[in-house]
Amino acid sequence: QVQLVESGGGLVQAGGSLRLSCAASGSIFSINTMSWYRQAPGKQRELVARITLSGSTNYAGSVKGRFTISRDNAKNTVYLQMNSLKPEDTAVYYCNVDVDETFRVRTYWGQGTQVTVSS
């Protein structure tokens, strides 16, 4: 019943920036934790960044200092600002949201958005 729509991916040169967005819609009472994952070809999906309802954040060591996760609760949206991009950041990026539906909490995944960083 809840849908996530991602946007903001694309092709960028090394050293450039992109901002990803993920908007949730549907039967939502509130959203708890919001996260960004990524998966490169032939690699396992990995956690990139996470933000709690209170605003506490966690980052993978490989992106710390370059990426910033944020959220807009009024819009049920999570963002990932990516600066100083490297070719190693090339991957499909997925948002993940824990939704409080009053009677239960469920986890939802976005469709993924491609980020390609050229050298």
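The cluster map of Ile, Leu, Val, Met, Phe, Trp and Tyr, joined by side-chain heavy atoms under 4.5 Å apart, puts Met82 and Leu11 in different clusters. Side-chain heavy atoms closer than 4.5 Å link hydrophobic residues (I, L, V, M, F, W, Y) into clusters, and following such links, even through other members, never connects Tyr37 to Val117. Val92 and Leu85 fall into different hydrophobic clusters, where Ile, Leu, Val, Met, Phe, Trp and Tyr are joined by side-chain heavy atoms under 4.5 Å apart, directly or via other members.
Side-chain N/O atoms of Thr52 and Ser54 include a donor and acceptor closer than 3.5 Å. If you check the side chains of Glu88 and Thr90, you find no donor sitting under 3.5 Å from an acceptor.
Heavy atoms only, all atoms of each residue included: Ser119 and Ala14 are closest at CA-CB, 4.4 Å. The two residues Glu6 and Cys95 make their nearest non-hydrogen contact at OE2-N, 2.9 Å. When all heavy atoms of Arg71 and Ile31 are compared, the pair lying nearest together is NH2-O, 2.9 Å.
Between the Arg50 side chain and the Asn58 main chain, no donor and acceptor come within less than 3.5 Å of each other.
Evaluated for a side chain to side chain contact (heavy atoms under 4.5 Å, CB included) with Leu4, the options Thr77, Asn96, Val97, Val99 yield exactly one hit, Val97. Considering Ile51, Thr68, Leu20 in turn, Leu20 is the only one that fulfils the side chain to side chain contact (heavy atoms under 4.5 Å, CB included) rule with Leu80.
In this structure, Gln3 CD and Ser25 OG are separated by 5.5 Å, a value rounded to the nearest 0.5 Å. Here OG of Ser62 is found 8.0 Å from NZ of Lys86. Values are rounded to the nearest 0.5 Å. Note that OH of Tyr59 and CZ of Phe67 are 10.5 Å apart. Values are rounded to the nearest 0.5 Å. For the atom pair CD (Gln1) and OG (Ser27), the distance works out to 4.0 Å, reported to the nearest 0.5 Å.
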*Go through the steps to decide whether Cys22 and Val5 satisfy the test side-chain contact (heavy atoms from CB on, under 4.5 Å), and finish with yes or no.*
CA-CA 5 Å; Cys22 176; Val5 179; over 6 Å; no
*Chi angles and distances behind the side-chain contact (heavy atoms from CB on, under 4.5 Å) call for Asp100, Ile28*: CA-CA 6 Å; Asp100 186 343; Ile28 301 172; over 6 Å; no
*Apply the test side-chain contact (heavy atoms from CB on, under 4.5 Å) to residues Ser118 and Thr116: give CA-CA distance (whole Å), side-chain angles for both, the deciding distance (0.1 Å), then the verdict.*
CA-CA 6 Å; Ser118 62; Thr116 302; 5.8 Å; no
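Atom CD of Gln114 sits in a crowded spot, with more than 12 heavy atoms from other residues, nucleotides or ligands closer than 6.0 Å.
With a 4.5 Å cut-off on side-chain heavy atoms, Gln81 and Ser17 count as touching. Taking 4.5 Å as the limit, some side-chain heavy atom of Val115 sits within range of a side-chain heavy atom of Leu18. Annotation: side chain of Arg106 is in contact with side chain of Glu101 (closest heavy-atom distance under 4.5 Å). Under the 4.5 Å side-chain criterion, counting only non-hydrogen atoms from C-beta, Asn76 is not in contact with Asn73.
Residues Arg38 and Asp89 are paired through a salt bridge, judged by an N-O separation under 4.0 Å between the basic side chain and the carboxylate.
Between Tyr94 and Trp109, the ring-plane angle classifies as perpendicular under the 30° and 60° cut-offs.
Cation-pi contact between Arg19 and Tyr79: present, with separation from the ring centre below 6.0 Å and deviation from the ring axis of at most 45°.
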